[in-house]
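Every heavy atom of this structure was used, including side-chain atoms; hydrogens, water molecules and symmetry mates were not. Numbers here simply count residues along the sequence, with the first being 1.
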Amino acid sequence: MGSEGSTLLEPLWQGLAAIDPAAVSGSVSCALPARYEAVKGARQFTGSTLRQWNMSELLDEVALVVSELVTNALRHALSGAAAAGEPERPVRLHLMRGPSRLVCAVRDPSEVGPVAGEAGCGEESGRGLHLVESFTDGWGWQPLAGTPRGKIVWAVFRLPDA
C-alpha cells in the first residue's frame, strides 16, 4: 500500500483514538481479478497475512468480513462499471495493522455506497453487511477523490491485546 495507505484510509480513523502513521506496523494490499473466484484468493491472502503478523486468532472473523466486502464489490461495483461501459478496473484488498486495531478495506470502481439489505428468511442477498457489522468494531465507506474513481469500504477490528 505504501505511503498512499495512510492518506487513503485517513477517514477510517475518525471517531477512533488517533494513530501516528509512523506507528502503523504493517500494511499490504493485493489486486483481485473481476471474477467470483477472487473471494477465495482474498481469504487466502488475508490468512497468510494474519499468520505472518501472528494474528491467527482473528482469522475466522477477518476472513468472513473480507469475503463479504469482496463479494459485495464484485457483485455490485463491477457489474455497475461494466453496465456503464467503463473499462474493467480491479477490486483491491488492503490490510493495515496499527498498535490497537486491524483495518480491512476493499477499493472498487463504483461510486455508489453500500447499503445493508433486509434479507428475509432463506434469502441469500442482503445479509453481508449485517455480518460485517456483527463481527467488527465498526465499518463504513468513503468515496475516492480524483482518479481512480470509486470508493473504499472498510472494517475495523480492535486487537485483543490492545
Checklist entry - Met96 and Ser27: which non-hydrogen atoms are nearest, and at how many Å? => result CG-CB, 4.0 Å
Checklist outcome for this item: Sorted by chain and number, sequence neighbours left out, side-chain contact (heavy atoms from CB on, under 4.5 Å) with Glu61 holds for Phe135, Phe157
Checklist entry - Please walk me through it: do Leu50 and Leu102 pass side chain to side chain contact (heavy atoms under 4.5 Å, CB included)? => result CA-CA 10 Å; Leu50 292 182; Leu102 171 71; 3.8 Å; yes
Item to check | Side chains of Val156 and Val103 in contact at under 4.5 Å (non-hydrogen atoms) | outcome: yes
Next on the checklist: Taking Val153 as the starting point, is it possible to reach Val112 by hopping between hydrophobic residues whose side chains are less than 4.5 Å apart?
Outcome noted: no
Checklist entry - So which pairs with a foot in residues 30-44 pass salt bridge (Lys or Arg N to Asp or Glu O under 4.0 Å), sequence neighbours left out? => result Arg35-Glu37
Checklist outcome for this item: Taken to the nearest 0.5 Å, the spacing of Trp154 CH2 from Trp139 CH2 works out to 9.0 Å
Checklist outcome for this item: Heavy atoms of Leu74 and Ala34 approach each other most closely as CD2-CA, 4.0 Å
Item to check | Nearest-0.5 Å distance, CG of residue Asn72 to CD of residue Glu68 | outcome: 6.5 Å
Checklist entry - Just by distance, do the side chain of Asp137 and the backbone of Arg158 share a donor-acceptor pair under 3.5 Å? => result yes
Next on the checklist: Could you work out, with salt bridge (Lys or Arg N to Asp or Glu O under 4.0 Å) as the rule, every residue matching Glu111, not counting sequence neighbours?
Outcome noted: Arg149
Checklist entry - Atom CG in Leu58, atom CG in Leu159: separation rounded to 0.5 Å? => result 6.5 Å
Checklist entry - Which heavy-atom pair separates Arg51 from Leu59 by the least distance, and what is that distance? => result NH1-CD2, 3.4 Å
Next on the checklist: Applying side chain to side chain contact (heavy atoms under 4.5 Å, CB included) to Arg92 and Ile152, what does each step give before you reach the verdict?
Outcome noted: CA-CA 9 Å; Arg92 191 157 194 91; Ile152 190 158; over 6 Å; no
Next on the checklist: Measuring from atom CG of Leu69 to atom CG of Leu64, what distance do you get when rounded to the nearest 0.5 angstrom?
Outcome noted: 9.5 Å
Item to check | For the student: nearest non-hydrogen atoms of Ala38 and Pro33, plus distance | outcome: CB-O, 3.4 Å
Checklist entry - Which atom names give the shortest non-hydrogen contact between Val132 and Ala155, and what distance separates them? => result CG1-CB, 4.2 Å
Item to check | side-chain contact (heavy atoms from CB on, under 4.5 Å) partners for Thr49, two or more places apart | outcome: Val28, Phe45, Trp53, Leu95
